[in-house]
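To start, the structure under review is shown below, and the notes come after it.
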Amino acid sequence: MPIGPFTMVAIYIVCWWVVLFSILPLGMNQADQERPTDGAQWGAPVRPQLKRKFITTSWVSLIVWVLVMVLVFTGWMPLPDLAPPAGTPVR
């Protein structure tokens, strides 16, 4: 196995956050939004639909993660070995 389970989880978390920030602006159209009169923030969406976006983020990042794992395990995207060679004194 080229990488351990901790590294696999870390790669999934990174994929999840990248996909989240890609999906967050989707569906946010402020053209049909009325100007707030109660002091609310103008740029805040009326219905952000965060639950739907988190679910979408999870399955899209799972697909991205599987593609990355396939590339790593087939050798197309090798990860560097960060451990020192055996027998090398550690300073």
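- Residues Ile3 and Ile11 form a side-chain contact, since some pair of their non-hydrogen atoms from C-beta on lies under 4.5 Å apart.
- In terms of heavy-atom proximity, Met8 sits nearest to Trp65 at O-NE1, 3.0 Å.
- If you run side-chain contact (heavy atoms from CB on, under 4.5 Å) between Ser61 and each of Val19, Leu20, Ile23, only Val19 comes through.
- When the side chains of ILVMFWY residues are joined at heavy-atom separations under 4.5 Å, either directly or via intervening members, Phe21 and Tyr12 end up in a single hydrophobic cluster.
- At a cut-off of 3.5 Å, with distance as the only test, a side-chain donor of Trp16 or Ser58 sits close to an acceptor on the other residue.
- With hydrophobic clusters built from ILVMFWY side chains whose heavy atoms lie under 4.5 angstrom apart, Val68 shares a cluster with Ile13.
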*asked:* As a quick check of understanding, evaluate side-chain contact (heavy atoms from CB on, under 4.5 Å) for Leu71 and Leu67, giving each step before the final call.
replied: CA-CA 6 Å; Leu71 291 175; Leu67 291 173; 5.6 Å; no
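- Criterion: ILVMFWY side-chain heavy atoms under 4.5 Å apart, direct or through other members. Under it, Trp17 and Val66 are part of a common hydrophobic cluster.
- Following chains of ILVMFWY side-chain contacts shorter than 4.5 Å, one can reach Leu62 starting from Met69, so the two form part of one hydrophobic cluster.
- Connection of Phe73 to Val9 is established within a shared hydrophobic cluster, with ILVMFWY side chains joined at heavy-atom distances below 4.5 Å, either directly or through further cluster members.
- The two residues Lys53 and Leu26 come nearest to each other via the heavy atoms NZ-O, 2.9 Å.
- Considering only heavy atoms from C-beta on, Leu24 comes within 4.5 Å of Leu50 through its side chain.
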